[in-house]
Amino acid sequence: MHIPNRATGIGLAVLGAAVAYGGSLLPPVPGQQVGPNVFPMVIGIGLVLCGIAIAIGIGKSFEEPEEVVASEDGAHVPADAVAPVPHAALKTIVPPLLLLFYAFTVDHLGFIPTAAVMVATTCFALGGTWRSALILALCAPPAVHLVFAKLLRVPLPPGLLPIPW
């Protein structure tokens with residue numbers, strides 16, 4: 001059964017709204033600027049934004065059409081059924097290796113450099129270009145650091161190069 005993107009996006013947005021509403025009902029902790037109600041609200045708002053993006057079709061233009069080739073008997077089959085996909089093995093091996101890399105190096109290198117390596121490696125493993133890997137590796141870890149360390153006050157390891165902000 002195929003569920004249309006619009007239905008998936010609307011469902012995700014409704015789920016996000018419910019999570020954000022539930023988070024807003026949690027009582028704040030007296031004397032703390034950020035309490036237990038903030039994290040569910042941030043996650044809920046993120047789900048709503050992602051749901052809206054899926055529902056209106058943002059990112060759909062980035063989907064690659066399936067390449068069809070003729071097989072030996074003349075039937076048209078997907079191209080990846082005839083030739084092996086070069087990144088297929090990477091997709092299964094990279095995630096556990098990256099988790100091990102993160103577990104053993106985050107305390108020494110710090111969150112931002114470790115996350116940058118993870119993001120770039122994941123981008124390459126999924127078939128991305130070096131430009132997209134570089135942009136994601138430079139933008140995503142500092143953004144995550146700002147949300148968790150500054151907004152939610154979750155301590156992240158500074159590592160060798162502590163960033164003063």
Side-chain angles (χ1 to χ4, degrees), residues 1-66 80 85 87-88 90-103 105-107 109-159 163 165:
M1 180 171 98
H2 178 70
I3 299 174
N5 287 346
R6 184 158 298 185
T8 304
I10 291 170
L12 188 60
V14 168
L15 175 66
V19 169
Y21 176 72
S24 70
L25 296 178
L26 293 173
V29 176
Q32 282 189 348
Q33 189 176 13
V34 177
N37 58 344
V38 174
F39 186 70
M41 290 191 315
V42 169
I43 295 297
I45 291 168
L47 288 173
V48 168
L49 293 175
C50 289
I52 291 170
I54 291 170
I56 63 174
I58 294 177
K60 192 171 187 172
S61 62
F62 297 111
E63 294 177 2
E64 295 179 13
E66 186 174 311
D80 57 357
V85 178
H87 297 291
L90 290 177
K91 289 180 185 179
T92 57
I93 265 181
V94 166
L97 291 178
L98 284 176
L99 287 175
L100 287 173
F101 169 76
Y102 182 82
T105 60
V106 72
D107 288 332
L109 294 178
F111 173 77
I112 292 180
T114 306
V117 169
M118 290 179 64
V119 167
T121 305
T122 302
C123 188
F124 279 126
L126 295 176
T129 64
W130 69 270
R131 285 186 181 118
S132 61
L134 182 64
I135 291 169
L136 286 173
L138 291 176
C139 295
V144 170
H145 181 270
L146 287 175
V147 168
F148 282 93
K150 299 303 174 188
L151 177 66
L152 299 175
R153 306 215 189 267
V154 175
L156 296 173
I163 297 174
W165 46 275

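Numbers here simply count residues along the sequence, with the first being 1.
- Judged as a side-chain hydrogen bond (donor to acceptor under 3.5 Å, both in side chains), not a single pair has a partner in residues 6-23 (not counting sequence neighbours).
- Of all heavy-atom pairs between N5 and I54, the closest is O-CG2, 3.4 Å.
- The residue from L47, L49, V42, I43 that alone fulfils the side chain to side chain contact (heavy atoms under 4.5 Å, CB included) condition with I45 is L49.
- Interatomic distance, CG of L134 versus CZ of F124, reported as 8.5 Å (0.5 Å rounding).
- Every residue two or more places apart in sequence or in another chain that forms a side chain to side chain contact (heavy atoms under 4.5 Å, CB included) with L26 is listed here: N37, P40.
- Residues forming a side chain to side chain contact (heavy atoms under 4.5 Å, CB included) with L136 (at least two apart in sequence, or on another chain): V119, C123.
- If you take OG1 on T122 and CG on L98, they are separated by 4.5 Å, rounding to the nearest 0.5 Å.
- Here V144 pairs with F111, F148 under the side chain to side chain contact (heavy atoms under 4.5 Å, CB included) rule; sequence neighbours left out.
- Here A17 pairs with V48 under the side chain to side chain contact (heavy atoms under 4.5 Å, CB included) rule; sequence neighbours left out.
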